[in-house]
Enquirer: 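Following this message is one structure expressed as structure tokens.
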Amino acid sequence: MNDNKGSPTKKRKANDCRATMDGTHDVNGTGDNNDGGFLHNISGQRNDASSAACDENNTSQLDRMEQIMTRMEEKLATVSSLESRCEQLEAKCSSLENILESTSHSTKEHIDRKFDSLYLHLEAQCNSLENRLDTKVDSVHEKVERSLKFHEYNEMLIKNQSWEYSAP
């Protein structure tokens, strides 16, 4: 596709209203080619045919420009809609970030309170168990002491009996 529509090297058509049929140029787009009307009157019909082709060409170009402008307006409306949607999404994202931060902070505080509560509960149970263990140990020590004293007393009795009743 070698279409040179936008190329600066494209040659002008003779009927594009910028060049007249007689080789002079239409400077201000009014059909006046600065010749005082002399050449315009001579060429007569050829200029009328050129003018009709020029009008047709201009109408075609205007139609294409109008279509392009319509598409541009549609695209602009789409871009505007997308920008609006993007702003809404950014606001929602920011809101969600704030909610997440708040939830995360409150969750951390909740976990910290639970941890502190559990720690205090475990510490209290540990202290209670330690007290009970100390009490049991003291009780066992007392029983062992009593048993030991009783055993010593019994041994002493046995020894005393053996002294008093020695065999002949």
Enquirer: Is there a side-chain contact between Glu90 and Ser94 (heavy atoms, below 4.5 Å)?
Expert: no
Enquirer: One pair to check against side-chain hydrogen bond (donor to acceptor under 3.5 Å, both in side chains): His105 and Glu109. What are the steps and the verdict?
Expert: CA-CA 6 Å; His105 183 69; Glu109 287 178 350; 2.8 Å; yes
Enquirer: Check whether any side-chain heavy atom of Leu133 sits under 4.5 Å from a side-chain heavy atom of Glu130, and report yes or no.
Expert: no
Enquirer: Is a side-chain N or O of Ser128 found less than 3.5 angstrom from the main chain of Ala124, in a donor-acceptor match?
Expert: no
Enquirer: Say whether, by atom type as modelled, one donor and one acceptor occur between the side chain of Ser84 and the main chain of Ser80 under 3.5 angstrom.
Expert: no
Enquirer: Heavy atoms, side chains only, cut-off 4.5 Å: are Ser104 and Lys108 in contact?
Expert: no
Enquirer: Any side-chain to backbone donor/acceptor pair from Ser106 onto Ser102? Under 3.5 Å, distance only.
Expert: yes
Enquirer: Give a yes or no on this: more than 12 heavy atoms of other residues, nucleotides or ligands lie within 6.0 Å of atom CD of Glu155.
Expert: yes
Enquirer: Members other than Leu118 in its cluster, when Ile, Leu, Val, Met, Phe, Trp, Tyr link by side-chain heavy atoms under 4.5 Å?
Expert: Leu122
Enquirer: Does the Ser95 side chain pair with the main chain of Ala91, one donor and one acceptor, at a distance under 3.5 Å?
Expert: no
Enquirer: Looking at side-chain heavy atoms only, is the closest gap between Glu145 and Lys149 below 4.5 Å?
Expert: yes
Enquirer: Ignoring hydrogens and angles, tell me if any N or O in the side chain of Thr103 forms a donor-acceptor pair with the backbone of Ile99 under 3.5 Å.
Expert: yes
Enquirer: Keeping the roles fixed (side chain from Thr70, backbone from Glu66), state whether a donor-acceptor pair exists under 3.5 Å.
Expert: yes
